[in-house]
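Comments concern the structure below.
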Protein chains: 2
Amino acid sequence: MAAIDLFLESGYENTTVDDIAAAAGVGRRTFFRYFRSKEDAIFPSHDEVLRDIERLFDEADDSQHPVEVACAGVTLVLDSYLSDPDVSVKRYTLTRTVAPLRDKEVASVDRYQRVLARYLRGRFETDGEPLPDLRASVAAAAVAAANNHVLRRWLRNGGTEDAHALADKAFRLVVDAFSATSRGSTGATDDTVIAVLRSSAPLAEVVQRISSSLATGERDTP
Amino acid sequence: MAAIDLFLESGYENTTVDDIAAAAGVGRRTFFRYFRSKEDAIFPSHDEVLRDIERLFDEADDSQHPVEVACAGVTLVLDSYLSDPDVSVKRYTLTRTVAPLRDKEVASVDRYQRVLARYLRGRFETDGEPLPDLRASVAAAAVAAANNHVLRRWLRNGGTEDAHALADKAFRLVVDAFSATSRGSTGATDDTVIAVLRSSAPLAEVVQRISSSLATGERDTP
DNA sequence: GATGCTAACGGCACGCAGTGCCGTTAGCAA
DNA sequence: TTGCTAACGGCACTGCGTGCCGTTAGCATC
């Protein structure tokens, strides 16, 4: 849309809806038929992506770790930005500068985050995790933040870089954080093993577990 | 302010600024001198709380874990809500219902989150953590989410319950999640020890470290 | 007590976002 | 050609937010 370019060259405040409509060659009334508001003119259709995420969650493999599924879901958001780098970068320079646009962006991120939290809550409940509601909210926020961090970095570099590679690293960090506290043991990096053990367990068994884990790299959850 | 009650009884959309001003016994122009917008009429002064948080971070003890300090910071937000339960509960029923008010609330949460992230980034950088920027964003989001979760639960129950007790539990979960992956060893619960070791280290040394940790409960970061 | 200063207030008018209403027109089918 | 439908665009209206300015209350000074 031409709106984004007008905002960039003339400023958001100085650009009226009449200007945008005129630049697009349509009437002012028609503009509001296509966009709910002046702000909406530069944002993508989040509703579609939200539906895609919901569908992905419905069809998700329950054997996969919940947080990993959530990461897969939020990756759809990332992809929607990656699919049109030019517009995404332009929009980013606006959302950094113009407060109402930034707020709008933040609000849409919150919508994604709610969908993630809802899915996670369901999974945590069936998994019998303690405090499923809290865990879901926190994990959803962490996943969304990781995604946003990658996205922003990618946008700052003008759409170069391999965003998915960055995202994998970022999601790894989040998944580890939230499976380390709830699960037994998980590899943090290739050369590292994390063991969580009860100190009341016999020392011999502890040592045995540790050494086998170090040797094979396998995960062992009692 | 009388605005919040007007919104509740007549609806946000149906209440004009003239109505609020008339109810408050002041001129319409005066209303806009005290509140930047119609929405702002029901929100507290976040700027003060933000300054308090910044000050707390400036004076913070660097020996404390960064995420714990961030939790202490966001607790000031919680306190600002706790200090006036009536208004907070009323506002909550509005922010749940009215989309623009909810967006405004979300935007203010984002402001807090940015302050947390900035502090955490500084700490993580000086601590030599890997990916300090990412960790800071994710941890800040998690801390904010934990706080919001507690806050919403407290608001749903009409301001009864011990919010600080809930918050302590929630923060514990977050702190554990983010210290387990980043630090050498940390007690997750009283009876648990987490050990992170390089598999390239001699097995004998590993065993020695583990057993001493299990015995004394001390933290040992090489 | 009169005079000048300052700060808050309130009225007025304006620009602009967003909406409802309605006449016009283009495209298509019978 | 006639009738139908859907998109368009003009018009007017409400309401938010702001700039401008006259008024007034409070206070210090001479």
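Within every chain, numbering begins at 1; the chains are lettered A, B, ... in the order of the sequence lines, protein sequences first and strands thereafter. Computed from a predicted structure; not experimentally measured.
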Please write out each protein N/O paired with an N/O of nucleotides 24-27 of chain D under 3.5 Å, distance rounded to 0.1 Å.
none

When the distance from OH of B:Tyr34 to C1' of C:dG10 is rounded to whole Å, what number comes out? 13 Å
Applying side chain to side chain donor-acceptor pair (under 3.5 Å), name anything that partners A:Glu161, two or more places apart in sequence or on another chain. A:Arg153, A:Asn157
Please identify each residue that fulfils side chain to side chain donor-acceptor pair (under 3.5 Å) with A:Glu105, with sequence neighbours left out. A:Tyr81
Output all residues satisfying ring-ring contact (aromatic ring centres under 6.0 Å, His included) with [X], sequence neighbours left out; order by chain, then residue number.
X	result
B:Phe124	none
A:His46	A:Tyr112
B:Tyr12	B:Phe7
B:Phe32	none

Any ring pair (Phe, Tyr, Trp, His ring centres under 6.0 Å) pairs touching residues 134-172 of chain A, not counting sequence neighbours? none
Got a sec, which pairs hit side-chain hydrogen bond (donor to acceptor under 3.5 Å, both in side chains) with one end in residues 21-36 of chain B, sequence neighbours left out? none
With A:Asp18 as partner, the option from A:Thr15, A:Thr16, A:Ile20 fulfilling side-chain contact (heavy atoms from CB on, under 4.5 Å) is A:Thr16
In B/S/- notation, 5' to 3', how is nucleotides 16-24 of chain C contacted by protein heavy atoms closer than 4.0 Å? SBBBBB---
Name all residues meeting the salt bridge (Lys or Arg N to Asp or Glu O under 4.0 Å) criterion together with A:Arg121; count only those two or more places apart in sequence or in a different chain, and write none if there are none. A:Asp133
Which residues in residues 95-107 of chain A have a heavy atom closer than 4.0 Å to any atom of DNA chain D? none
Look at the side-chain N and O atoms of A:Thr30 and state whether any lies under 4.0 Å from the OP1 or OP2 oxygen of D:dC8. no
